[in-house]
Amino acid sequence: MVAPAVPEVTEEVLHEAIEARTESLSSLRELGPPDLVHLVKQPLRQQTKQVGLYHHVTGVDASSSASLAAYINTLAYKEFGPSATTKTVEGTYCCYNAFSRVDMRVYAPFPGSVESYCIDERGEKRKTTDELWLETYLCSVLRAYSYADDGTGDTIRKIIGVRRFNPVTNTETEHRFLSAAEQLFFRGWSLGSDSVVQVPNVVSNHLTTGLIKYFHTTGRYASGINLFEKLRTQNVEVASLLAKVMFMGNEEVQGIRVLHEAVKELPMDYVMLDTQAEFLLKKAETAATPEQKEERLRLALGCADRSTIAAPSEFGTWARLAQVYVAMEDWENALTTLNSCPMFTYQDKDAPVMPEPKEYHLPTLAETRLDEIDSEPESRYAEQIDPSLLGLRAATYRGTFKQAYAILTEMTAKIGWDQLLKIRSNVFVMEDEYREKQESSHYPANRNPSTDVLRGSPDPGANGGNAEVEETEVAEKNEENGQETDGGPTAATLTVNGKPEDIERPSSAMDPDVVKKAEENGTEDHSSRLNNKRLCERWLDSLFMVLYEDLRVYTIWRTQMAQYRAQSMQYKKSSEEWEILGSLAERLQHADEAVEAYRACLGQRFSPKALAGILKVFMKTKLTRDAVAAVIRLVTWQYRWYSEFSPELLHTIRILIEDEGAVKIRSIVQATNLPQNVLDLTHHYAALCATFRSSGTEG
């Protein structure tokens, strides 16, 4: 298979990229940045001048110095021939070992012998060992999955010029990967964990996340069951991972038995309890009768509730409990539970910190040329965008705040904004209500979110920001739009062309800090109705304001669309604006409107984000031919930007083959009216499924 092109970033000062990487080692927190490949070249006609070039890469075999030196050689020997203008003088490959927190380096001069060494956090040089290479190899595979793009292009755009390869291409490399994972499994907690997990442990860390993602992507469930069966004999906690893989592989009865036996040994293991709750919640969605659904949700509630007791400081347990309450349509308890979620500041993946380069060279392979895709970069940045669309803060949410917001939007989609505000005012002490009571009496002593319900992290701001500042910003924005910012729930309503719309601006919930100050001044008890209410965490109050902004912009868009259609006029937006509106509708769980916006975007220019959004709908509705057409274009766009591996796209193709059979999918791909070199890129993904003997590849 043709390899992606090689991007080149030119240094201002020779070796400054390597020096910058060395300086950043002490600040790395988790898996580390993608591998750095640095080459020194000199023009054939000017032997005294040397130029430093580099690019980043993931998925290269890092099991030994020889395999990394081989990668450098493939780059150096590309230049041989009569048309060559430069020659490579030396190459350095840097690969981070997150277990021992050292940067493994291979230095290859041309000509000369290869040297391998490692640099620790203090910048000191150390010798390499077989154990260090084993750790480095495992970290390399995990990074390949962690830094892979999901098909939308968002990850690709974060770091310019990263080549992405598939680290596990056959059963032989799979055996090596799983063998390394088995040897280092019980040290996995030291790698850290996803931002929604506060304390990494044996079964919640980057290693287990990478393993589960691998089995989900490739469908190699038997290999996963075999691995976790062996590890379970050493630690019963691994039963939760074993059960997850069994559920993925449709071995549900056996998975339940595994959990049943394990919970008898560890009745308060929160990961096992959460795994049970998740399984029961999914089963409730497919229940045949309302009674069956109610019974399954009741069982899920018991497991989820117990998991919050077992791990009260973990976000995931509280979020699961809130999801169960939403499924039960117990809205007040859902909101109360959401308010109890511990929120953590989002920590992004380790990214390379490089000095400003002299120039970029981003070549395109002939095999990836497709007119509709090649025109994308030029048109993307020349568009005017409505400032109100750029200011939607929900689009920037990550980690715990993104998941909490998703639960809030799900509630809104099911019961509507007005009903949500009503439930909010029933559950929480509202500011106007508190002020009113203050005038007539005193607020009850010793009230705070902790005494009402187990409260979350004291961090008030979304994604680590200051919620009060964010609220002020929203208020100022509303003032600029001619809306009032104080008063009751109906103090401000959405207006479109001077006509009020049915979207109320939420009044503020009472700030817990203000109540605390009132308590310090000495207060007395009053009003049992207020006593039974809770204080709303500031981050949740801020989320309501952000949700209001989303709904306001969405309603304006839909109202204007309806008005234009009624007058048989075309509603015009730039492609970037359509992409943002599609993302907004998707966030608010309006799938049809999201597809409509994404289609409008694609009608003007190619957008991987829009096409990936539509692909989800194609897969849900089983529109096979449309799904295949979308996958072909997304795979080609990935190759265009140096990525031959996207776990999500590989998973999509595997599911298509599972549902329709490999022969039919290959025939649909081949029948597409696109150049053969473009179709071959998708055939490569299908061939991977055949190599792994995925379901459906036999016919």
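All of these numbers come straight from a predicted model, not from anything done at the bench.
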task = Please name the residue in the list Ile632, Val635, Val669 that meets the side chain to side chain contact (heavy atoms under 4.5 Å, CB included) test with Leu681.
result = Val635
ask   = Mind checking whether Thr129 and Trp133 have side chains closer than 4.5 Å, heavy atoms only?
value = no
message = Between Ser694 (side chain only) and Cys689 (backbone N and O only), is there a donor and an acceptor less than 3.5 Å apart?
response = yes
inquiry  = Within the structure provided, determine whether Ser204 and Val271 are in side-chain contact (heavy-atom separation under 4.5 Å).
reply    = yes
key: Flag side-chain contact, heavy atom, 4.5 Å: Leu540 against Phe428   = yes
query = Just by modelled atom types, is the Leu408 backbone N or O under 3.5 Å from a matching donor or acceptor in the Thr412 side chain?
reply = yes
task = Find the distance between CG (Leu191) and OG1 (Thr209) and round it off to the nearest 0.5 Å.
result = 10.0 Å
query = Within 45° of the ring axis of Tyr137 and under 6.0 Å from its six-membered ring centre, is that where the NZ or CZ of Arg176 lies?
reply = yes
message = Does the plane of the ring in His684 sit parallel, tilted or perpendicular to the ring in Tyr639? Use 30° and 60° as the thresholds.
response = perpendicular
inquiry  = Nearest 0.5 angstrom please: His206 NE2 to Leu142 CG, how far?
reply    = 9.0 Å
task = Give a yes or no answer on whether the side chain of Thr136 reaches the backbone of Asn97 with a donor-acceptor pair at less than 3.5 Å.
result = no
note = salt bridge (Lys or Arg N to Asp or Glu O under 4.0 Å) pairs touching residues 225-236, sequence neighbours excluded, are Glu182-Lys230, Glu229-Arg232
query = Can you list every pair that meets salt bridge (Lys or Arg N to Asp or Glu O under 4.0 Å) and has a residue in residues 296-311, with sequence neighbours left out?
reply = Glu295-Arg298
query = Looking at CD of Glu30 and CZ of Arg143, how far apart are the two atoms once the value is rounded to the nearest 0.5 Å?
reply = 12.5 Å
query = Phe544 ring centre to Arg424 NZ or CZ under 6.0 Å, with the angle to the axis within 45°?
reply = yes
task = May I ask you to decide if Glu237's main-chain N or O and Ser240's side chain share a donor-acceptor pair within less than 3.5 Å?
result = yes
query = Judged by modelled atom types alone, do Glu660 and Thr624 share a side-chain donor-acceptor pair under 3.5 Å?
reply = yes
key: Heavy-atom side-chain proximity of Trp331 to Lys414 below 4.5 angstrom   = yes
query = From Thr233 OG1 over to Leu231 CG, what is the distance, rounded to the nearest 0.5 angstrom?
reply = 7.0 Å
task = Would you please say whether a donor-acceptor pair under 3.5 Å links the side chains of Asn339 and Glu537?
result = no
request  = Of all the heavy-atom pairs spanning Ala239 and Ala262, show the shortest one and how long it is.
outcome  = CB-CB, 3.5 Å
request  = For Tyr270 and Thr308, run side chain to side chain contact (heavy atoms under 4.5 Å, CB included): C-alpha distance rounded to whole Å, both residues' side-chain angles, the deciding distance at 0.1 Å, then the answer.
outcome  = CA-CA 7 Å; Tyr270 85 89; Thr308 61; over 6 Å; no
Gap separating the CG atom of Leu338 from the CE atom of Met343, nearest 0.5 angstrom = 7.5 Å
inquiry  = With heavy-atom distances below 4.5 Å as the criterion, would you say the side chains of Val324 and Leu280 are in contact?
reply    = no
message = Under 3.5 Å, is there a donor on one side chain and an acceptor on the other for Thr336 and Asn333?
response = no
query = Minimum heavy-atom separation for Thr317 to Ala311, with atom names?
reply = OG1-O, 3.2 Å
note = Heavy-atom closest pair (Cys341 atom, Trp539 atom, distance to 0.1 Å) is O-CZ2, 3.8 Å
note = Between Ile407 and Ala319 the two heavy atoms that sit nearest each other are CD1-O, 3.8 Å
query = With ring centroids as reference points, do Phe645 and Tyr145 lie under 6.0 angstrom apart?
reply = yes
key: Arg625 atom CZ: more than 12 heavy-atom contacts under 6.0 Å   = no
task = Check whether any side-chain heavy atom of Asn205 sits under 4.5 Å from a side-chain heavy atom of Phe185, and report yes or no.
result = no
remark   = Of all heavy-atom pairs linking Tyr598 and Gly613, the shortest is CE1-CA, 3.8 Å
Side-chain donor or acceptor of Ser195 paired with backbone N/O of Tyr346 under 3.5 Å = no
key: Electrostatic pair Glu251:Lys244 at N-O distance under 4.0 angstrom   = no
key: Asp348/Arg398 ion pair, N-O < 4.0 Å   = no
Please list, one pair per line, the donor and acceptor atoms closer than 3.5 Å that link side chains of residues 221-228 to other protein atoms, with sequence neighbours excluded.
| unit_1 | atom_1 | unit_2 | atom_2 | d |
| --- | --- | --- | --- | --- |
| Tyr221 | OH | Arg654 | NH2 | 3.3 |
| Ser223 | OG | Glu174 | OE1 | 3.0 |

request  = Identify the two heavy atoms, one from Pro312 and one from Pro342, that lie closest to each other, and give their separation to 0.1 Å.
outcome  = O-CG, 3.8 Å
request  = Could you please spell out the steps behind the ring pair (Phe, Tyr, Trp, His ring centres under 6.0 Å) verdict for Phe344 and Phe401?
outcome  = CA-CA 8 Å; Phe344 320 132; Phe401 292 90; 9.1 Å; no
query = Would Ile423 and Ile415 satisfy side chain to side chain contact (heavy atoms under 4.5 Å, CB included), going step by step from the backbone distance to the final call?
reply = CA-CA 10 Å; Ile423 291 164; Ile415 61 174; 3.6 Å; yes
message = For a 4.5 angstrom cut-off between non-hydrogen side-chain atoms, does Phe279 reach Cys303?
response = no
inquiry  = Regarding Ser100 and Glu135, do their side chains bring together a donor and an acceptor under 3.5 Å, going by distance alone?
reply    = yes
request  = For residues Asp150 and Leu649, determine if any side-chain heavy atom of one lies less than 4.5 Å from a side-chain heavy atom of the other.
outcome  = no
inquiry  = Keeping Asn166 on the side-chain end and Thr169 on the backbone end, is there a donor-acceptor pair under 3.5 Å?
reply    = no
query = Taking atom CD of Glu252 as the centre, does the number of heavy atoms from other residues, nucleotides or ligands within less than 6.0 Å exceed 12?
reply = yes
request  = Determine, stepwise, if the pair Lys616 / Glu586 fulfils salt bridge (Lys or Arg N to Asp or Glu O under 4.0 Å).
outcome  = CA-CA 11 Å; Lys616 290 178 194 172; Glu586 195 174 351; 2.8 Å; yes
query = Is the shortest distance from a Lys or Arg side-chain nitrogen in Arg163 or Glu644 to a carboxylate oxygen in the other one below 4.0 Å?
reply = no
task = Report the distance from atom CD of Gln638 to atom OG of Ser643, rounding to the nearest 0.5 Å.
result = 4.5 Å
query = Should Glu261 and Lys264 be marked as a salt bridge (Lys or Arg N to Asp or Glu O under 4.0 Å) after you check the CA-CA gap, both sets of side-chain angles, and the distance that decides it?
reply = CA-CA 5 Å; Glu261 292 300 320; Lys264 282 197 289 188; 3.6 Å; yes
key: Short side-chain to backbone donor-acceptor contact, Ser140 and Val60, under 3.5 Å   = yes
task = Take Leu543 and Tyr397 through the side chain to side chain contact (heavy atoms under 4.5 Å, CB included) test and state the conclusion after the steps.
result = CA-CA 10 Å; Leu543 244 60; Tyr397 280 160; 3.6 Å; yes
request  = Please step through side chain to side chain contact (heavy atoms under 4.5 Å, CB included) for the pair Leu28 and Glu121, ending with a clear verdict.
outcome  = CA-CA 9 Å; Leu28 299 179; Glu121 292 174 307; over 6 Å; no
message = Main chain of Val203, side chain of Thr208: is a donor-acceptor contact present, judged purely on distance under 3.5 Å?
response = yes
inquiry  = For Tyr405, is there any backbone N or O sitting under 3.5 Å from a side-chain donor or acceptor partner on Thr409?
reply    = yes
task = Give a yes or no answer on whether the side chain of Thr691 reaches the backbone of Ala687 with a donor-acceptor pair at less than 3.5 Å.
result = yes
